[in-house]
Amino acid sequence: MKKSNYGAPPPKTRREFEHNLFLLAEDTHRIVESGDDDRIANFLWASYKHIKKIKNHPNGRINFQTIDEQARLQANMKKWMEEM
């Protein structure tokens, strides 16, 4: 991703967007496995309802129609934070 002066740049390809979603999935797994009740409670309050709606196609690709705005923003922010 090219650095932007106006915040997080959007992904340019499906591959970049799927990568961002998998970063979000890894972060979700890390939070749940941490055992920290406060982090888990915060995740459940803020993110879980958006992430649980994401579905896959039978071929394993992510169904973009099931991704809501909150999940999309979180996924793209994970990538942007990684680059900073």
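Along the sequence shown, residues are numbered consecutively beginning with 1.
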For a 4.5 angstrom cut-off between non-hydrogen side-chain atoms, does [X] reach [Y]?
{"X": "Lys79", "Y": "Glu16", "result": "no"}
{"X": "Lys49", "Y": "Gln70", "result": "no"}
{"X": "Arg30", "Y": "Asp27", "result": "yes"}

Let me confirm one number: the [atom1]-[atom2] distance from [X] to [Y], rounded to the nearest 0.5 Å.
{"X": "Asn42", "Y": "Asp37", "atom1": "CG", "atom2": "CG", "answer": "12.5 Å"}
{"X": "Thr13", "Y": "His19", "atom1": "OG1", "atom2": "NE2", "answer": "10.5 Å"}
{"X": "Arg61", "Y": "Asn63", "atom1": "CZ", "atom2": "CG", "answer": "11.5 Å"}

- Ala71 to Asp68 - nearest heavy-atom pair and separation: N-OD1, 3.0 Å

- Task: Of all the heavy-atom pairs spanning Leu21 and Ile62, show the shortest one and how long it is.
- Result: CD1-CD1, 3.7 Å

- Query: Residues in side-chain contact (heavy atoms from CB on, under 4.5 Å) with Met81, at least two apart?
  - Reply: Met77

- Note on the structure: Across all chains, not counting sequence neighbours, the side-chain contact (heavy atoms from CB on, under 4.5 Å) partners of Glu69 are Arg72, Leu73

- Item | Shared hydrophobic cluster for Ile51 and Ile31 (ILVMFWY, side-chain gaps under 4.5 Å) | yes

- Query: Are Ile40 and Leu24 in one and the same hydrophobic cluster, where Ile, Leu, Val, Met, Phe, Trp and Tyr link if side-chain heavy atoms are under 4.5 Å apart?
  - Reply: yes

- Task: Not counting sequence neighbours, list each pair that qualifies as a ring pair (Phe, Tyr, Trp, His ring centres under 6.0 Å) and has a residue in residues 31-73.
- Result: Phe17-Phe64

